[in-house]
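Remember, it's 1-based here, ligands and their atoms both numbered in the order they're listed. These numbers come from the heavy atoms of this one structure, side chains and all, not from hydrogens, waters or symmetry mates.
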Amino acid sequence: MSDQLKDYKIAVYFGRKYSYERTFICSCGASSTITREEPLICKACGNDNAIRGGDYVVHERRLTHGIFTCVEKTDSYFHLKKKEMSVNVRNMKVTFRFTHDWELKFSLRDRSAALFKDGKQVSCGLANYMHINQFFKWGHSEDELIPVFATEKNQPLYEFIYLKFGSEYPERVDKLGRALIRALAKPYLPRLELFANAGFGKNLSNIFNYDPWISSAETKPHRIFGVPKYMLSILREIGTFGKGTIKNLQKLDELIGGNNVRIMAEIFKEESTVTDMVHLIGQIIELYTDYGYKDVKRLALYLAREVKLEQGITSPHVAATTLRDYVRMCHAMGIEPKEKYPKSLKKSHDIAQMNYKAKEDEYKNMMMKAVVAGESYQSLTYRKDRYAIIAPKDSSDLIQEGSSLSHCVASYVDDVIAKRCKILFLRETAEIDKPLVTIEVRDNNIRQVRGFGNRSASPEELDFVREWAKKKGLVLATY
Ligand SMILES: [Zn+2]
């Protein structure tokens with residue numbers, strides 16, 4: 001026995017996973033009760049080398065434990081030694097003795113494993129997992145063992161292997177030994193290694209679950225995905241590789257160029273997430289292609305930063321969709337959007353939407369026409385040299401008025417049709433077709449007199465409204 005092992009101590013503890021107290025029996029001879037809040041350390045000698053004995057204290061139990069030492073490890077190879085010991089629990093006493101010396105040389109590159117027990121090679125192939133499972137037996141959970149032989153780079157690969165191949169139906173427990181042996185036999189192991197080494201270790205199950213990335217004939221990760229090399233960092237960020245996602249990224253690259261995609265990704269990484277960017281590629285492409293948003297850096301800053309800081313819209317997806325819908329509706333209505341990057345996106349959108357809905361509704365338009373053509377409406381029109389008050393001809397007049405003056409008069413269509421109110425336009429007689437001020441009349445009261453962006457009427461305009469009100473028997477109630 002080496003000096004290092006001369007003073008070796010071990011303890012065995014008993015207790016169910018969620019039980020409050022555990023019984024802790026140390027090879028120093030002491031035993032104690034340890035609560036769930038306390039560390040598993042011998043209260044007599046401070047020994048913290050403890051393995052689990054089972055749910056309940058038993059009169060007698062024999063356990064196998066191992067002390068592992070890693071002799072050598074690289075990203076594709078490891079050489080692991082194990083000192084196996086037999087641990088006995090009897091009448092609340094723990095004793096142990098060293099039983100076997102093991103050695104495992106495992107090579108991902110050569111796809112080989114060589115296992116030795118007490119200096120003699122023993123079988124560890126697909127036909128017999130007995131020895132290799134015995135080798136990895138050590139009284140702790142097996143995933144604690146992985147860091148002993150894994151490098152920083154390949155640890156995610158080994159973890160994936162353990163979870164994926166540790167048990168196959170009808171096996172019920174994951175075992176590291178057979179997982180490693182099975183992995184060596186998988187034809188796609190080099191492919192998994194390739195992605196693990198390219199920094200996709202955390203995403204191996206997503207890659208594994210998507211057949212094209214496993215069976216592709218290409219040998220470089222970006223070629224396998226079918227994207228330019230710079231996009232690997234974007235894919236690593238988002239961690240999912242569905243066909244739709246890849247297709248969108250390819251399209252974006254083609255359309256705006258790699259440099260622009262990189263700039264956008266950086267902005268989104270800083271302000272929200274790259275995943276957010278990927279989720280709104282469709283909107284970005286539409287804005288770029290159909291609505292002239294060619295300055296993608298400006299667009300990204302607007303969607304990911306500006307609307308968040310200045311308008312409280314924290315989701316870039318909501319921002320992109322709202323902007324897209326806004327310009328789409330403006331386009332459908334034949335109106336040029338007032339601002340390319342609206343200072344109040346939500347409001348601009350909502351106004352456009354009201355206008356749009358009003359326009360869409362042809363039936364409403366016909367009713368509107370009939371109402372405004374009626375005598376009670378026409379009798380309110382009034383014309384002088386400088387100003388005139390005219391009635392809308394139909395709902396598209398309201399839409400026009402609402403979008404040129406940036407207010408939501410179009411939302412009054414329903415009220416006008418139902419004759420709950422009348423909307424009239426104050427115009428300059430010389431420019432009778434140009435929206436200026438909108439007037440709302442309810443009963444015989446003038447309720448609102450509003451210009452661009454809901455501005456109040458100027459003194460001159462108001463004088464004319466007063467004159468008109470007097471002539472028509474209306475009351476200027478508020479304005
Ligand atoms: Zn002790």
Side-chain angles (χ1 to χ4, degrees), residues 1-73 78-104 115-119 130-150 152 155 158-159 162 166 172-177 179-180:
M1 197 185 296
S2 71
D3 284 353
Q4 197 205 330
L5 295 172
K6 210 168 67 184
D7 300 322
Y8 193 80
K9 275 195 256 184
I10 193 156
V12 179
Y13 67 94
F14 295 88
R16 282 197 296 179
K17 202 172 177 188
Y18 300 107
S19 57
Y20 185 68
E21 290 180 338
R22 290 134 170 187
T23 302
F24 189 94
I25 309 170
C26 180
S27 61
C28 78
S31 61
S32 47
T33 298
I34 293 181
T35 65
R36 202 165 50 196
E37 282 93 20
E38 294 172 319
L40 281 164
I41 294 175
C42 174
K43 284 178 176 172
C45 75
N47 172 28
D48 64 350
N49 182 25
I51 60 173
R52 210 176 113 80
D55 288 351
Y56 304 100
V57 185
V58 287
H59 174 64
E60 186 159 5
R61 172 150 294 171
R62 179 183 287 183
L63 300 155
T64 300
H65 180 52
I67 304 165
F68 286 92
T69 353
C70 194
V71 181
E72 188 193 348
K73 58 178 170 183
F78 68 81
H79 179 186
L80 194 57
K81 277 187 175 176
K82 177 198 183 187
K83 228 168 175 30
E84 186 173 306
M85 58 202 288
S86 172
V87 180
N88 277 281
V89 185
R90 191 158 188 260
N91 293 332
M92 299 294 280
K93 298 282 176 220
V94 166
T95 56
F96 63 89
R97 64 188 172 85
F98 290 100
T99 49
H100 299 288
D101 284 312
W102 295 83
E103 237 177 300
L104 174 66
L115 183 65
F116 303 87
K117 184 181 182 183
D118 300 323
M130 186 180 72
H131 294 122
I132 189 111
N133 283 342
Q134 178 69 22
F135 173 76
F136 281 112
K137 230 175 170 181
W138 76 312
H140 296 279
S141 78
E142 284 166 301
D143 50 10
E144 284 175 66
L145 187 55
I146 292 174
V148 176
F149 60 82
E152 202 182 320
Q155 185 172 331
Y158 286 128
E159 281 165 353
Y162 173 49
R172 286 164 52 188
V173 184
D174 283 328
K175 286 196 192 294
L176 186 53
L180 288 170

Would you say that [X] contacts [Y] through its side chain, given a criterion of any heavy-atom pair below 4.5 Å between the two side chains?
X	Y	answer
Ile51	Leu63	yes
Ser86	Phe96	no
Arg90	Thr95	no

Would the Phe14 and Phe24 ring centres measure less than 6.0 Å apart?
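Centroid distance Phe14-Phe24: not below 6.0 Å, so no.
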Sorted by chain and residue number, which protein N/O/S atoms are under 2.8 Å from the Zn ion (ligand 1)?
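Those protein N, O or S atoms (cut-off: under 2.8 Å from the Zn ion (ligand 1)) are Cys26 SG, Cys28 SG, Cys42 SG, Cys45 SG.
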Residue list, ring pair (Phe, Tyr, Trp, His ring centres under 6.0 Å) with His131, at least two apart or on another chain:
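Residues passing ring pair (Phe, Tyr, Trp, His ring centres under 6.0 Å) with His131: none at all.
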Any donor-acceptor N or O pair under 3.5 Å, side chains Glu84, His65:
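Result is no, nothing qualifies.
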